[in-house]
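Below you'll find the structure, written out as C-alpha cells, and then a few comments.
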Amino acid sequence: MEPTLTSSIVILTGAGVSAESGLGTFRDTDGHWTKYDLNDVATPEGFARNPVLVHEFYNARRRNCAGARPNPAHLALARLETGFNGTVMVVTQNIDDLHERAGSRAVCHMHGTLSRALCAACGHRWDAPAVMAADDPCPGCRTPATRPDVVWFGEMPYFMDEICAALESVDLFVSIGTSGSVYPAAGFVEIARSAGARTLELNLEPSDTASAFDETRQGAAGVLVPAWVDTVLATQ
Ligand code: NAD
C-alpha cells in the first residue's frame, strides 16, 4: 500500500488521530460529547436555543486543545509532507490545530476550527479569543451574533470543491482515526476508489466503511501512522 514516485496522497483524519493527545473522540465513554447532547451543541438549532451552552462547550474544547500537544501520528504526517516526492493533502474533520502545530501545512479543515470565530449575522470571520461569549459583538457589523467557526450537523462542510477535486485525481487515499459515521467525509473512500485510487484505513477498530477500503490496519494511530510513513518514505 505504498505509492510510487510522483503520486499524490490524500489523508482524511478524524478524532482518533488526536485521541492520544488527550482530546476525546466523539465516541469516548468519558469524553465531552457524553456530557452534552449533540443536538444542543453541534446544530444551528441548538445554538439558537441556547448560545450560552454552546459557547461553554467550545470554550472548554478550546482550552483542552491549547493544553494538548501533537502526538507521533500528527508528527509523522508532517514528516510525510516534507519528505514525500509528490503531493500530500490532509483533510481533517477535527477542529483542533494539532496537525498545524506538528508542522503540516497543507491542511484542510472541512469542519472548521476552534481557532476562528464567525459572525452568524454577516459571515465575517476573525481569530477566536480563548473565551467567547454569546453577546460578543462582531468586529465587522457589531451584531452580538458570535459563534465558533465550526461546521455543525445540517451545515455544509468547507472546501468541498477542493476536496472532491483532490480525491478525483488521487493515487492513494488514507483514512486515519475516523469512525466513518459522519457524511460527507465517510463517502470520500468511494470517490477515491471510483477515481482509481488505492485506499487504506488506519484505525483502532474497523470503521463503519471498512469494507470499502483495499486494506485496513487496526491499532493506535500513534503507532500505525509513523510505521506507515516510514515505509512510504523509504520506498518512494
Ligand atoms: P469518531 O469519534 O466518530 O471516531 C473516532 C474513531 O477513531 C473511532 O473509529 C475510534 O475507533 C478511532 N480511534 C480512537 N482512538 C484511536 C487511536 N488512538 N488511534 C486510531 N484510531 C482511534 O470521530 P470522527 O470519525 O472524527 O467523526 C465524528 C465528528 O466528531 C467529526 O465531525 C469531528 O469533527 C468531531 N470531533 C472532533 C474532535 C477533534 O477536533 N479533536 C474530537 C471529537 C469529535
Side-chain angles (χ1 to χ4, degrees), residues 11-44 46 54 57-77 90-102 104 107-116 128 148-160 163 174-189 200-213 216-229:
I11 296 156
L12 172 69
T13 65
V17 84
S18 295
E20 289 156 80
S21 295
L23 301 183
T25 68
F26 196 52
R27 296 175 168 205
D28 272 345
T29 46
D30 58 350
H32 279 310
W33 295 92
T34 56
K35 299 178 194 127
Y36 293 86
D37 186 325
L38 254 188
N39 294 309
D40 291 335
V41 298
T43 63
V54 174
F57 175 73
Y58 288 98
N59 286 338
R61 300 196 62 206
R62 198 175 296 106
R63 193 167 55 242
N64 286 359
C65 179
R69 293 173 51 189
N71 68 52
H74 299 108
L75 295 167
L77 293 177
V90 173
V91 176
T92 188
Q93 298 167 88
N94 295 345
I95 58 176
D96 66 56
D97 61 354
L98 295 178
H99 284 303
E100 286 89 341
R101 280 160 55 197
S104 286
V107 183
C108 182
H109 279 272
M110 63 178 291
H111 290 168
T113 165
L114 284 168
S115 63
R116 299 281 285 168
D149 190 9
V150 301
V151 175
W152 287 324
F153 288 95
E155 297 181 322
M156 179 61 80
Y158 298 155
F159 308 114
M160 285 306 293
I163 295 168
V174 185
S175 175
I176 304 172
T178 176
S179 59
S181 59
V182 178
Y183 281 81
F188 289 171
V189 60
L200 169 67
E201 174 175 279
L202 306 175
N203 206 48
L204 204 54
E205 60 197 4
S207 73
D208 293 355
T209 53
S211 62
F213 288 83
T216 61
R217 297 179 195 170
Q218 272 94 59
V223 175
L224 290 187
V225 178
W228 170 70
V229 167

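For ligands, and for the atoms within them, numbers begin at 1 and follow the listed sequence.
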What I want to check is whether the side chains of Ser18 and His99 have a donor and an acceptor closer together than 3.5 Å. no

Looking only at heavy atoms, what is the nearest atom pair of Glu155 and Pro44, with distance? OE2-CG, 3.6 Å

Enumerate the atoms of ligand 1 whose separation from the nearest heavy atom of Glu20 is less than 4.0 angstrom. 17 (C), 18 (N), 19 (N)

List every atom of ligand 1 that sits less than 4.0 Å from any heavy atom of His111, numbering the atoms from 1 in the order shown and giving each element. 31 (C), 32 (O), 34 (O)

Could you say whether the N/O atoms of Ala220 and ligand 1 ever approach to under 3.5 Å? no

Does ligand 1 have any atom sitting under 4.0 Å from a heavy atom of Ala73? no

Report yes if some N/O of Gly177 lies less than 3.5 Å from some N/O of ligand 1; otherwise report no. yes

Residues Asn59 and Arg62: side-chain donor-acceptor under 3.5 angstrom: yes

Who gets closest to atom 8 (C) of ligand 1 by heavy atom: Leu204, Thr25, Asn203? Asn203

Passes side chain to side chain contact (heavy atoms under 4.5 Å, CB included), Leu98 versus Leu23? Steps please. CA-CA 10 Å; Leu98 295 178; Leu23 301 183; 3.8 Å; yes

Residue Gly219 vicinity, atoms of ligand 1 by number, heavy atom under 4.0 Å: 19 (N), 20 (C)

Atoms in ligand 1 with a heavy atom of Gly24 nearer than 4.0 Å: 42 (C), 43 (C)

Could you name the option among Gln218, Glu205, His109, Gln93 that has the heavy atom nearest to atom 33 (C) of ligand 1? Gln93

Out of Ala221, Cys65, Ser181, who is nearest to atom 19 (N) of ligand 1 when you count heavy atoms only? Ala221

Specify side chain, backbone, both or neither for Asp96, according to which of its non-hydrogen atoms lie closer than 4.0 Å to ligand 1. both

Interatomic distance, CG@Leu12 vs CD@Gln93, rounded to 0.5 Å, equals 5.0 Å

If the plane angle is over 60° it's perpendicular, under 30° parallel, otherwise tilted; pick one for Tyr36 and Phe57. perpendicular

Taking all atoms of both residues into account, what is the closest heavy-atom pair of Cys65 and Arg101, and its distance? O-NH1, 3.1 Å

Could you list which atoms of ligand 1 come closer than 4.0 Å to a heavy atom of Arg61? 37 (C), 38 (C), 39 (C), 40 (O), 42 (C), 43 (C)

Using distance alone, determine whether Gly14 and ligand 1 share an N or O pair under 3.5 Å. no

Please indicate whether any nitrogen or oxygen in Ala15 is less than 3.5 Å from any nitrogen or oxygen in ligand 1. yes

Logged contact type for Ala19 with ligand 1, heavy-atom cut-off 4.0 Å, is side chain

Minimal heavy-atom distance between Phe188 and Met160, with the atoms involved, is CE2-CE, 3.9 Å

When rounded to the nearest 0.5 angstrom, what distance separates CD1 in Ile11 from SG in Cys108? 12.5 Å

Closest approach of Gly180 to Ser207 (non-hydrogen atoms, all atoms of both residues): N-CB, 4.3 Å

